[in-house]
Colleague: 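This is the structure I want to talk about, given as structure tokens.
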Amino acid sequence: MFVAMRASASEVEILGVKSRILAEGLTPYDHRGSGGTVIAVVGDVAARRGALMDMLAGLAGVERVTPISRPFKLTSREFHPEDTVVHVLDTAIGDGSLAIMAGPCSVESRAQLLETADSVAASGATVLRGGAFKPRTSPYSFQGLGVEALRYLAEARDRTGLPVITEAMEPAQVDIVAEYADILQIGARNMQNYSLLNAAGRVARPVMLKRGFGATLEELLMAAEYIVAAGNPNVLLCERGIRTFEASTRNTMDLSAVPVLHQLTHLPVVVDPSHATGKRRLVPPLAMGGVAVGADGVMVEVHPDPDSALSDPEQQLDLVEFEQLAAALRPIHDQVRAYPGARP
Ligand code: PEP
Ligand code: MN
């Protein structure tokens with residue numbers, strides 16, 4: 001449930017409500033928005049909901065108490081009506097600008113990464129991606145350069161000024177990834193890896209959580225809730241395609257996920273048309289589609305010579321294709337932002 005405090009509520013009244021919630025064995029999380037303070041009550045309230053609501057409604061400074069039936073709370077719009085803006089180095093995601101994350105599927109060598117980084121930076125990318133620890137479907141496929149790749153990513157960040165994002169696949173990798181990278185990625189296969197979500201909740205780095213290919217949006221938000229409840233409010237959500245009966249693409253990109261998520265949550269939403277389609281020619285139209293439905297960012301795989309890539313060769317754009325796509329996305333984003341009905 002949520003306790004909405006009066007706009008005039010004092011600090012003492014807010015603290016009074018929080019300590020009553022703690023005394024009940026529950027956890028209060030407060031959000032201080034433009035419309036006043038809202039306190040989310042998290043814990044097992046089901047059996048005593050009515051009594052608890054009456055008790056809290058009677059406390060000084062409380063305007064109203066509303067039950068919330070959703071299984072996700074801190075990530076919900078009801079709790080936090082304003083959009084979350086994630087600041088990282090000199091860029092922001094979710095502030096109305098378009099984030100463009102680009103770079104190779106895997107970091108393959110220092111030269112490959114730096115060449116890609118220089119080029120995508122010049123083409124207008126705002127974040128550099130590159131896999132260091134790779135979740136590969138086959139154990140015999142290239143597994144990534146690991147810590148060596150993290151060092152190249154940090155060098156590329158220092159050279160271009162772009163924040164870097166890379167995946168941590170297990171809790172034991174979280175600290176080392178956070179040491180080198182600016183944004184942690186949790187991959188689709190790990191969306192419900194709860195020990196990894198908790199570990200990512202405890203680091204001072206934004207986290208991009210990718211939707212599992214068999215996960216509903218509610219399940220995605222419950223997974224994000226673990227990270228936020230563990231103490232990290234800077235979470236980005238990524239739609240990267242779900243598995244359907246359609247076999248002509250690697251996955252089916254769920255475009256409606258973007259406006260639905262914008263209704264349900266305050267967290268920024270990024271689309272990944274590379275993993276969604278698995279096909280180079282389909283990446284530009286789906287990237288444009290994602291921006292047209294209001295995505296806060298796009299992640300695109302880019303490689304200097306896609307055909308020779310050690311992972312995902314069929315879906316990576318070359319440097320020129322990315323330059324053209326990035327130039328096409330900006331005006332679409334500007335058009336969408338200018339239309340008041342674009343955000344639900
Ligand atoms: C990736 O972005 O490197 C990746 C492996 O994507 P996903 O987890 O969406 O498959
Ligand atoms: Mn890939």
Side-chain angles (χ1 to χ4, degrees), residues 99-108 112-113 116 120 125 127-139 141-146 149-150 152-153 163-170 173 177 181-193 196-197 200 206-215 217 219-220 223-224 227 235-244 249-254 257-258 261 269-280 282-283 286-287 290 295 297-318 322:
I100 303 184
M101 305 180 174
C105 178
S106 299
V107 176
E108 299 172 4
Q112 171 247 18
L113 183 68
T116 311
V120 299
V127 176
L128 176 67
R129 70 148 280 148
F133 300 102
K134 295 299 302 174
R136 301 307 303 280
T137 303
S138 164
S141 301
F142 175 62
Q143 304 286 312
L145 295 182
L150 295 179
Y152 300 149
L153 284 165
V164 299
I165 179 170
T166 196
E167 177 164 353
M169 293 203 300
E170 50 185 274
Q173 289 169 353
V177 171
D182 305 290
I183 308 174
L184 263 65
Q185 179 167 310
I186 295 184
R189 291 158 191 78
N190 268 320
M191 190 200 85
Q192 287 175 312
N193 179 338
L196 182 59
L197 299 173
V207 176
M208 186 165 89
L209 178 63
K210 300 188 84 175
R211 179 183 184 183
F213 42 71
L217 295 175
E219 287 163 344
L220 170 64
I227 305 173
V235 178
L236 312 168
L237 303 171
C238 181
E239 163 58 38
R240 49 75 74 206
I242 51 176
R243 189 160 284 182
T244 68
T249 47
R250 181 174 173 181
N251 292 286
T252 296
M253 187 152 142
D254 180 7
V258 177
L261 287 170
V269 182
V270 173
V271 292
D272 171 357
S274 301
H275 292 93
T277 64
K279 294 185 175 166
R280 189 171 311 150
L282 299 180
V283 171
L286 271 298
V298 179
M299 174 178 263
V300 179
E301 287 189 338
V302 182
H303 191 288
D305 179 16
D307 291 333
S308 73
L310 298 181
S311 57
D312 289 345
E314 306 85 6
Q315 71 193 33
Q316 304 202 54
L317 300 187
D318 69 24
F322 173 71

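For this chain, numbers begin at 1 and follow the sequence in order. Remember, it's 1-based here, ligands and their atoms both numbered in the order they're listed.
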Colleague: Can you establish whether the number of heavy atoms outside R136 located under 6.0 Å from its atom CZ is more than 12?
Modeller: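 Yes, because the 6.0 Å sphere around CZ of R136 holds more than 12 heavy atoms from other groups.
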Colleague: Give the residue and atom name of whichever protein heavy atom lies nearest to atom 4 (C) of ligand 1, and the separation in Å to one decimal.
Modeller: H275 NE2, 3.5 Å
Colleague: Using the Mn ion (ligand 2) as the apex, give the angle to atoms OE2 (E301) and OD2 (D312), rounded to 10 degrees.
Modeller: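 That angle is 130°.
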Colleague: Under 3.5 Å between some N or O of ligand 1 and some N or O of K210?
Modeller: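 It does: an N or O of K210 is found under 3.5 Å from an N or O of ligand 1.
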Colleague: For D312 and H303, run side chain to side chain donor-acceptor pair (under 3.5 Å): C-alpha distance rounded to whole Å, both residues' side-chain angles, the deciding distance at 0.1 Å, then the answer.
Modeller: CA-CA 10 Å; D312 289 345; H303 191 288; over 6 Å; no
Colleague: So which heavy atom in the protein is nearest atom 3 (O) of ligand 1, and how far is it from that ligand atom?
Modeller: R129 NH2, 2.9 Å
Colleague: If I apply the N/O under 3.5 Å rule, does M299 come out as touching ligand 1?
Modeller: no
Colleague: Number the atoms of ligand 1 from 1 as they appear, then name those within less than 4.0 Å of a heavy atom of G187, with their elements.
Modeller: 8 (O)
Colleague: Does ligand 1 have an atom that lies less than 4.0 angstrom from a heavy atom of Q185?
Modeller: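 Yes; Q185 lies near enough to ligand 1 that a heavy-atom distance drops under 4.0 Å.
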Colleague: Kindly confirm or rule out an N or O of D272 lying under 3.5 angstrom from an N or O of ligand 1.
Modeller: no
Colleague: I'd like to check which ligand 1 atoms, numbered from 1 as shown, lie under 4.0 Å from a non-hydrogen atom of K134.
Modeller: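 Those qualifying, in numeric order: 3 (O).
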Colleague: Using every non-hydrogen atom in the two residues, find where H275 and N251 come nearest and quote the distance to one decimal.
Modeller: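 It is O-ND2, 3.0 Å.
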Colleague: Which ligand 1 atoms are under 4.0 Å away from a heavy-atom of R240?
Modeller: 7 (P), 9 (O), 10 (O)
Colleague: Testing the basics here: between A149 and V107, what is the closest heavy-atom pair and its distance to 0.1 Å?
Modeller: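 So the minimum-distance heavy-atom pair works out to CB-CB, 3.7 Å.
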